[in-house]
2 protein chains.
Amino acid sequence: MVDTLSQTFSALADPTRRAMLIRLKDGEASVSDLAKPFLKDMSLPAVTKHLQVLERAGLIAKSRAAQWRPCRLKGEGLKDAVDWMEQYRKFWEERFDRLEEYLKTVTAKTKGKGKKHGKGQQ
Amino acid sequence: MVDTLSQTFSALADPTRRAMLIRLKDGEASVSDLAKPFLKDMSLPAVTKHLQVLERAGLIAKSRAAQWRPCRLKGEGLKDAVDWMEQYRKFWEERFDRLEEYLKTVTAKTKGKGKKHGKGQQ
DNA sequence: GCTGTAGTTAACAGTTAAGTTAATTAACCA
DNA sequence: TGGTTAATTAACTTAACTGTTAACTACAGC
């Protein structure tokens with residue numbers, strides 16, 4: 001697993017880490033601030049590891065202030081992941097079946113004009 | 001890992017599986033159709049397993065036709081994941097810093113009216 | 001019934017992930 | 001200097017993930 005997209009999705013595939021990101025929406029927080037809701041369920045080193053995963057995925061950044069390590073959200077890290085998923089939007093939007101049928105009719109008439117924006121993503 | 005969101009993100013955290021989803025955007029495909037691009041790198045049972053992951057995550061559905069198992073995309077499975085990520089959109093959109101500053105001014109004036117749509121997501 | 005094709009299941013091996021406890025680093029404070 | 005707080009690192013365990021090969025199920029067609 002080397003590619004950025006995999007790292008992003010992998011980092012998001014854990015409820016603890018997602019909860020941490022949600023907490024960080026409200027602004028910076030130290031490691032122990034972030035740990036607080038989880039210390040019944042896991043140790044502080046476990047929290048450190050989760051934060052490292054988020055940091056490596058580019059979803060948060062840590063700085064230093066005395067003995068604290070304030071963490072802040074880096075939302076840009078989510079952009080590529082959302083962009084990737086957006087290509088499926090039409091597959092979950094309402095009345096897709098009817099929409100697709102309509103599109104088939106249209107593309108049949110305009111023979112291939114609908115081959116727009118091939119981004120070559122994977 | 002029990003929750004749907006974790007399953008979805010986890011399923012997406014693999015380039016092989018993402019490539020399979022991309023292939024399925026073009027329409028139904030059998031297991032061996034889907035396997036074709038990967039058989040240099042992995043065996044057919046490995047492909048089966050990837051498809052099982054996607055199926056359990058609700059991202060694809062398998063049917064039966066003679067000895068084939070046509071797979072089709074189930075884009076609705078991505079909806080919740082995208083919705084979750086959308087809450088961070090403002091964090092990656094351009095000039096966020098200035099936007100945030102502006103919002104702070106606004107909410108300071110309207111004292112609390114900006115507390116909209118608390119979806120209780122995690 | 002036999003043979004080929006499509007796909008899954010079983011059993012196993014290697015790697016990574018996620019947690020633990022104990023020890024360590026680093027800064028503050030008195 | 002010594003104690004406290006904040007956080008990380010080290011070493012280890014366990015479980016899950018990803019892949020393998022070999023065996024099996026199921027259907028098609030002669």
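Protein chains get the first letters and strands the later ones, always in sequence-line order, with residue 1 at the start of each.
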For A:K79, I'd like to know if atom NZ has over 12 heavy atoms of other residues, nucleotides or ligands within 6.0 Å.
no
Quick one: which of [options] gets closest to the side chain of [X]?
{"X": "A:D14", "options": "D:dA7, C:dG7, C:dA18", "answer": "C:dA18"}
{"X": "A:A46", "options": "C:dT20, C:dT8, C:dC28", "answer": "C:dT20"}
{"X": "B:A66", "options": "D:dG19, D:dA28, D:dA22", "answer": "D:dA28"}
{"X": "A:V53", "options": "D:dA7, C:dA6, C:dA18", "answer": "C:dA18"}

Within this structure, what is the [atom1]-to-[atom2] distance between [X] and [N], rounded to whole angstrom?
{"X": "A:M20", "N": "C:dA18", "atom1": "CE", "atom2": "P", "value": "12 Å"}
{"X": "B:R18", "N": "D:dT18", "atom1": "CZ", "atom2": "C1'", "value": "16 Å"}
{"X": "A:L44", "N": "C:dT21", "atom1": "CG", "atom2": "P", "value": "12 Å"}
{"X": "B:R64", "N": "D:dT25", "atom1": "CZ", "atom2": "P", "value": "14 Å"}
{"X": "A:L34", "N": "D:dA6", "atom1": "CG", "atom2": "C1'", "value": "13 Å"}
{"X": "B:K36", "N": "C:dT5", "atom1": "NZ", "atom2": "P", "value": "13 Å"}
{"X": "A:R69", "N": "D:dT8", "atom1": "CZ", "atom2": "P", "value": "6 Å"}
{"X": "A:L54", "N": "D:dT8", "atom1": "CG", "atom2": "P", "value": "12 Å"}

Where [X] and [Y] come nearest, the two heavy atoms and their spacing:
{"X": "B:A61", "Y": "B:K74", "value": "CB-CD, 3.6 Å"}
{"X": "A:C71", "Y": "A:V31", "value": "SG-CG2, 4.4 Å"}
{"X": "B:K25", "Y": "A:Y88", "value": "CG-CE2, 3.1 Å"}

N/O (side chain, [X]) to phosphate O (OP1/OP2, [N]) under 4.0 Å:
{"X": "A:K62", "N": "D:dT8", "result": "yes"}
{"X": "A:S43", "N": "C:dT20", "result": "yes"}
{"X": "B:T48", "N": "C:dG7", "result": "no"}
{"X": "A:H50", "N": "C:dG19", "result": "yes"}
{"X": "A:R17", "N": "C:dA18", "result": "yes"}

Quick one: label A:D33 by what it contacts on the DNA or RNA (base, sugar-phosphate, nothing), any heavy atom closer than 4.0 Å.
nothing
Nearest-nucleotide 5' precedence on DNA chain C, B:Q67 against B:Q52:
B:Q67
Check this for me, if you would: do B:K90 and B:E93 make a salt bridge, where the nitrogen-to-carboxylate-oxygen distance has to be below 4.0 angstrom?
no
